[in-house]
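Only one structure is covered here, and it is reproduced in the block below.
To find a chain, count down the sequence lines: A is the first, B the second, and so on, and within it residues start at 1. Any value given below was found using the heavy atoms of this structure, including those in side chains, with hydrogens, waters and symmetry copies removed.
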Amino acid sequence: MRDTYCGTLRKDDVARTVTLAGWVFRRRDHGGLIFADLRDVTGIVQIVFSPEIAKEAHDRAGDIRGEYVLKVTGSVRKRPVETENLNIPTGEIEVYVSDFEVLNTCKVLPFQLDDEDMNEAVRLKYRYLDMRRPEMQRIFIERSKAYKITRDYLTSQGFYEIETPLLTRSTPEGARDFIVPSRLNPSMFYALPQSPQLFKQLLMMSGFEKYFQIARCFRDEDLRADRQPEFTQIDIEMSFVTREDVIEVNEGLIITLYEALKGKKPPEVPFPRMTFADAMDKYGSDKPDLRFGLTITDLTPVFLNTELGVFKKTIESGGSVKALVLKGRTLSRKDLDVAVDTAKELGSGGLIWIRKDADGLQSPIVKFLNDEEKSQMISRLGVEPGDVVFIMADKPQKVSDLMGRFRLYLGEKYGLIDKSLDKFLWVIDFPLLEYNEEEKRYVARHHPFTSPKERLLGFDGDYEAILANAYDLVFNGVELGGGSIRNHRTEDQAEMFRLLNIKEDEAADKFGFLLEALEMGAPPHGGIAFGFDRIIMMFLGLSSIRDVIAFPKTQKGSCLLTGAPSRVAHRQLTELKIRTIVD
RNA sequence: GGGGUCGUAGUUAAGCCUGGUUAUAACGCCGGCCUGUCACGCCGGAGGCCGCGAGUUCAAUUCUCGUCGACCCCGCCA
């Protein structure tokens, strides 16, 4: 239909006769002369309707409106001096239309495509129009590039791409499943996969050795700016590997993607590492944002014999006292009150501030501290005049977590984060287990197939001290992916189920197929999975995962475009032998 | 499940705190003029269930409660 794309035209094309096809982006009707910007997937070019060049075309051009779909034939000409538009790549030329055809008309759109400040609900209802905008097209063109890079890189490393089922079995542990009724088996349900975890391990038992898949995953949990109920993972599994092997090949993949999407090299290669314990101690997070310092200091030793009630009580019951120092910011009383309120909103029992002025320490609690405590605190924290110390006291894990979040608040509020930096980090040596208050038992921190760093047969010590052979990749404080070396021997996996308090018959019922497969020559194996959407979002510098998903869901999980989820015909339910219990 | 922000022409916002006139602006849309614009310009015009439902009041876009929807966060997300 066409022989040339709009956005590709340059000075070299002058004098060519071209046929273009695209949408009318903007028109500027001067009566005698009509300009329009014709847009296709490659960009825009100015087309000119002149009565002197083509009277008939010019007459008809008056009826053209925004977003009309045109096929245009004309000659490429250099723009007259002083009328070039250097803001667009095609700005040195224009196309004089000799003839055109309206391929389709267009109603007045519900919003203007060049409106940058659009309500997201309207964009989502008319997502196909939203996606017509060049900046949205750019995102999805980059995303498309990322698929290809991923496939090229991994296949060149000897990986095989294999698909796994979407209709699979619901398993306990982990996120809530989306379930799908089985018509052929009334009252039975499939589950959509939270990840292809078990299948990729089984493929290792099949002997493929290196597997990957760009896999859709489903988790029926509440949404966030960076979480959708269905999302895409780069899912990877390898046989006969150690943690170092997995990290090496995947660091290569991430670097390749980073360079392609950001157009520059990552700042630090190989990516630095940090243990989970260090991350929690210094940054109060298992995904620390290293673009700024502001590390947490443990002041518990300073206050072991304190007379200050809050600290004394906390320390006696096994808690910790932790501090952050905001350097060189003379905060007003109001700033400090806001900080205290913020800490409360984060869930803190209280935040203590101490301001060091030229006259000494200012704080509501300073009179309860003795000289020894004050001087020790000052030397440990390196406090200088103009600094503010923030202190919280609570159970060790809780205070770490709270200080971690408070650190992010301070970083954001006081502009400590250098947004021009990119910081990758491997977090390693996670705990294998964590206590779940709700279920009153230990659950797997990563997943139940993760292996411990050391074999555990007959383990009877401190569950929380067991380290896992697991690793996460963190980028600017966001988790991009994580993985582990798995248990490849039945007895090790059975031991894990024992630690998780999953009974033998239950394990056999739910995971029997895996345990059996492990008994039939399962190789040592491990892998990783990256959030593909998140990678695109982070590397393109976007703040919402919805911006990198073509047709995303709202926070309540609905699609404003199609109206999903929706009621279904009663007949459909009957066929599935399903009765709902609410109207 | 909980906390917060928001909802007014097609769109983006102002007005609401402190209730009372024809609900304001920009962009878009429609008509007219315009041969070098590129966010074209100039003149004129149309366009509103102030999300929905109750309540308070002589009177509600404005105050109160509820509800629906969008967004951010906590819980949740192996």
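B:U62 and B:A54: their P atoms are spaced 14 Å apart (whole Å). Look at the C1' atom in both B:C76 and B:G2: the space between them is 12 Å, to the nearest Å. For the C1' atoms, the distance linking B:G4 with B:U8 amounts to 22 Å, nearest Å. B:A46 sits 37 Å from B:G66 when the C1' atoms are compared, rounded to a whole Å. Annotation: B:A9 and B:G1 have their P atoms spaced 30 Å apart (nearest Å). Using atom P as the reference point in both B:G51 and B:A23, the two lie 15 Å apart (nearest Å). Taking atom P in both B:U5 and B:C63, the straight-line distance is 14 Å, to the nearest Å. Rounded to the nearest Å, the gap between the P atom of B:C34 and that of B:G15 is 42 Å.
A distance of 12.0 Å separates CG in A:D220 from CD in A:E230, rounded to the nearest 0.5 Å.
Residue A:R224 is classed as a base contact, given a heavy-atom separation below 4.0 Å to a base. Using a 4.0 Å heavy-atom criterion, one finds that A:V443 contacts no nucleic acid atom at all. If you check every strand for non-hydrogen atoms under 4.0 Å, A:S544 touches nothing. Heavy atoms of A:R405 sit under 4.0 angstrom from primed sugar atoms or phosphate atoms, though from no base atom.
Both A:L124 and A:H447 lie close to RNA chain B; mapped to their nearest nucleotides by heavy-atom distance, the more 5′-ward contact belongs to A:L124. A residue-by-residue look at A:Q233 and A:L346 shows that A:L346 has its nearest nucleotide of RNA chain B further toward the 5' end.
A cation-pi arrangement is absent between A:R123 and A:F111 under the rule of less than 6.0 angstrom and at most 45 degrees off the ring axis. A:R441 forms no cation-pi arrangement with A:Y463, by the criterion of a distance under 6.0 Å to the ring centre and an angle within 45° of the ring axis. A cation-pi arrangement is present between A:R77 and A:Y96, with the terminal nitrogen or guanidinium carbon under 6.0 Å from the aromatic centre and inside a 45° cone about the axis.
Searching all strands for a Watson-Crick or G-U wobble partner of B:U21 with both distances below 3.5 Å returns nothing. In this structure B:C77 sits in no base pair that meets the Watson-Crick or G-U test at under 3.5 Å. Both distances falling under 3.5 Å, in either a Watson-Crick or a G-U wobble arrangement, occur for no nucleotide opposite B:U37. Pairing for B:C50 is absent, with no Watson-Crick or G-U wobble pair whose two atom distances lie under 3.5 Å. Pairing of B:A9, defined by two Watson-Crick or G-U wobble distances under 3.5 Å, is not identified with any nucleotide. Under the Watson-Crick or G-U wobble criterion, with both distances below 3.5 Å, B:C29 is paired with B:G45. Nucleotide B:U57 forms no Watson-Crick or G-U wobble pair with any nucleotide shown, as no partner meets the under 3.5 Å limit on both distances.
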Salt bridge (charged side-chain N to carboxylate O under 4.0 Å, His left out) between A:D37 and A:R28, worked out: CA-CA 9 Å; A:D37 294 327; A:R28 295 174 288 280; 3.1 Å; yes
Tell me, with the steps shown, if A:F449 and A:F511 meet ring pair (Phe, Tyr, Trp, His ring centres under 6.0 Å). CA-CA 11 Å; A:F449 316 106; A:F511 300 110; 5.5 Å; yes
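To the nearest angstrom, P of B:G28 lies 15 Å from CD of A:E116. Rounded to a whole Å, the CG atom of A:D222 is 12 Å from the P atom of B:C71. At whole-Å resolution of the value, CG in A:D220 and C1' in B:C76 are 11 Å apart. Atom pair A:R227:CZ and B:C71:P shows a separation of 14 Å (rounding to whole Å applied). The separation between A:L402 atom CG and B:C74 atom C1' is 12 Å, rounded to whole Å. To the nearest angstrom, P of B:C73 lies 12 Å from CD1 of A:I545. Taking atom CG of A:D401 as the reference point, atom C1' of B:C73 lies 14 Å away to the nearest angstrom. One can place CG of A:L129 at 17 Å from P of B:G28, the figure rounded to the nearest angstrom.
There is no side-chain donor-acceptor pair under 3.5 Å between A:S195 and A:Q233. The closest side-chain donor-acceptor pair between A:K200 and A:T164, if any, does not fall under 3.5 angstrom. Defined by atom type and a distance below 3.5 Å, a donor-acceptor pair is missing between the side-chain atoms of A:Q555 and A:R546. In this model, a donor atom of one side chain and an acceptor atom of the other lie less than 3.5 Å apart for A:R16 and A:T4. With no hydrogens or angles considered, no side-chain donor-acceptor pair links A:D99 and A:T73 at under 3.5 Å.
Taking 4.0 angstrom as the limit, A:K556 places none of its side-chain polar atoms (N or O) nearer than this to OP1 or OP2 of B:A70.
The side chain of A:R27 approaches B:C30 more closely than any other nucleotide in the set B:G1, B:C71, B:C30.
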Produce a footprint string for nucleotides 5-14 of chain B: one letter per nucleotide, 5' end first; B if the base is under 4.0 Å from any protein heavy atom, S if only the sugar-phosphate is, - if neither. -----BSS--
Across nucleotides 34-39 of chain B, 5' to 3', mark each nucleotide with B, S or - according to how protein heavy atoms within less than 4.0 Å reach it. BBBBBS
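A:Y435 is linked by a ring-ring contact (aromatic ring centres under 6.0 Å, His included) to A:Y442, counting only residues two or more places apart in sequence or in another chain.
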